[in-house]
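Right, one structure below, let's go through it.
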Amino acid sequence: MSVLCGAECVMVLGFTRWLWRRCNYVGSNDSDNWPLATADEFDHVPRLCRLILAVYETDLHKPQFAPKGDYRLNPDWVFKRVTYEQTHGHAPPYLIYADHEHGEIVLAIRGLNLVKESDYELLLDNKLGMQMFDGGYVHHGLLKSAIWLLNEEGETLKRLWLENGADYKLVFVGHSLGSGVASLLAVIVVNHGDLLGGVPRSKVRCYALAPARCMSLNLAVKYADVIQSVVLQDDFLPRTATPLEDIFKSIFCLPCLLVLVCLRDTFIPEDRKLRDPRRLYAPGRIYHIVERKFCRCGRYPPEVRTAIPVDGRFEHIVLSCNATSDHGIIWIEREAEKAVERMRESSSETITTAPKVPKLERRQTIEKEHKDALERAISLNVPYAVTASENEKREAPQSETEDVTDTKLKSTGGSGRTNWEHVVQKLFKKSESGDLVLNRDSNALN
C-alpha cells in the first residue's frame, strides 16, 4: 500500500510540475534568443495586411471595414478581384493589385471563412504524408488550390509583370488558409519563373501572415529567402502540428484540442519530430511580433524578432486566452503598424549619426542566416535537407537546362497557355505500381 501511495505522489508531483511549466510558457519564449528585425525589412507588412483586409470589401471606393487610417491604397490599381462565386470553391477569394508606388504586382489571398464549406474541403483534402513535392511534403489541398490559381491567373501575372518592367517584384501574400496557398504558389513560381516571363527568384516574395503549417521542414528552410512568415505572439496555428483538417473539424472545442495536443507533444522527443519527413511546419523566415510579458496585464509596445529556426520552430502550444485572437488579421495589422512606428522612432536618432545596422550589412546577415539554417538542417539529419551549395545550384535559371524548350512545349500544350498542373507533375514520376513518387532529378526540380 505504501508503495502505491508513493507512486501516486510521484505521479501527482510530476503532473503538477508539468502543468506549472506549461502554464508558465508564454509565446515570447519561442523567440527569446532571436535578433530584432529592422524597419527596412518589416515596414511592408502592415501595408500587405491592409491588402488582405481589402479582399473582404465589395467596393474599395466605399469601404465598410476600413482599418484605422484607412487602407492607404489606390482602388484604381486593383486589377482584379475574385469572390467565392468565381473561384467555385477551388481557392479563397483574392485580388490582384498593381502597386506602382512600391513596384510590386501583388496577389493577396484572404483567410479561412468559417461558414464556407469549400474552405473546409480544401483543409480536409489531406492526410499525413499524402503529398510529396519538391524534395519534401506539402499539404495536398493547398497545393491543388495553388495550381488552380496559377492556371487561372498565371497569364495575368505574367502580362502585368512584363508590362510594368523587370524592376517590379511579384508578391504573394495570404492569411491563415490563404498563407498556405500563397506559400506553395511562391515555391512553384520560383522553380518555374521562366513560364511567367522569366521572373527571377530574387524578384519573387511571399508573406505568410498567421501561417498554416503547409510544408516539411527541409522546404521551410530551403525557401526562407523567398517566404517570410509573420506570427503574432501566441497564435495557435503555426504552433499546432496537428493536421489542419483535424484542427478545424474541432473548431468549436479548440481550447480542449489545444490542451490535448500540448499534452501529447510533451512526450514526443525533439529528434523524432525533426526526423519525421511528413511533419509540416510554418514556412520560411519567421518574424515574431511580441507584445505581452509573463504575469503582466495589457499589451506592451511590440517588438519584432526574426530568425530561420530549424529545431524549436514553434513546437510548443501556448495555453493562452489570446491563442485564437492573435490569429486575427485585424490584430496582426494593428500590432505590425505599431511595431514599425516604434522602429522608426528608435531609428530617428541615426539621422545625425551613422546607422547602427547599415542596409548592406543587414542584407549580408540575412543571407548568412539562411546558409547557416541550411547547414543546421543537415547537421540535425533533417530528411531531404540540402546544403547551401546545392541550394545555390538549384537556383540556376531554367533557361540554362537542356530540356527547357521541351518543358515549355509540353506545359503549354501548343496553345501558348501554361498548364500548371502538368508543370507541377514534372516534380514527380510514377513507380511501377502507378503511384506518384518524388523525382530527385535536379533538372525536373528546376
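The analysis underlying the following values was restricted to heavy atoms, covering all of them including side chains, and did not include hydrogens, waters or symmetry mates. Remember, predicted model here, so these are calculated numbers, not experimental data.
- For K169, the side-chain hydrogen bond (donor to acceptor under 3.5 Å, both in side chains) criterion is met by no residue, not counting sequence neighbours.
- S216 and N218 form a side-chain donor-acceptor contact under 3.5 Å, judged by distance and modelled atom types alone.
- R278 is linked by a salt bridge (Lys or Arg N to Asp or Glu O under 4.0 Å) to D276, counting only residues two or more places apart in sequence or in another chain.
- Closest heavy-atom contact between P46 and E333: O-CG, 4.0 Å.
- Listed by chain and residue number, V310, V382, A385 satisfy the side chain to side chain contact (heavy atoms under 4.5 Å, CB included) test with A377 (two or more places apart in sequence, or in another chain).
- Residues passing the side-chain hydrogen bond (donor to acceptor under 3.5 Å, both in side chains) test with S229, sequence neighbours excluded: none.
- Under the rule for a salt bridge (Lys or Arg N to Asp or Glu O under 4.0 Å), the partners of R285 that lie at least two apart in sequence or sit in another chain are E369.
- Scored by the side chain to side chain contact (heavy atoms under 4.5 Å, CB included) test, D372 finds K368 as partners (sequence neighbours excluded).
- Residues satisfying the salt bridge (Lys or Arg N to Asp or Glu O under 4.0 Å) test with D43, not counting sequence neighbours, are none.
- With sequence neighbours left out, Y223 forms a ring-ring contact (aromatic ring centres under 6.0 Å, His included) with no residue at all.
- R376 is linked by a salt bridge (Lys or Arg N to Asp or Glu O under 4.0 Å) to D311, counting only residues two or more places apart in sequence or in another chain.
- Among residues two or more places apart in sequence or in another chain, the side-chain hydrogen bond (donor to acceptor under 3.5 Å, both in side chains) test is passed with K80 by E153.
- K203 pairs by the side-chain hydrogen bond (donor to acceptor under 3.5 Å, both in side chains) definition with nothing, not counting sequence neighbours.
- Crowding of I330 atom CD1: a count of heavy atoms from other residues, nucleotides or ligands under 6.0 Å not exceeding 12.
- Shown here are the side chain to side chain contact (heavy atoms under 4.5 Å, CB included) partners of E121, two or more places apart in sequence or in another chain: E117.
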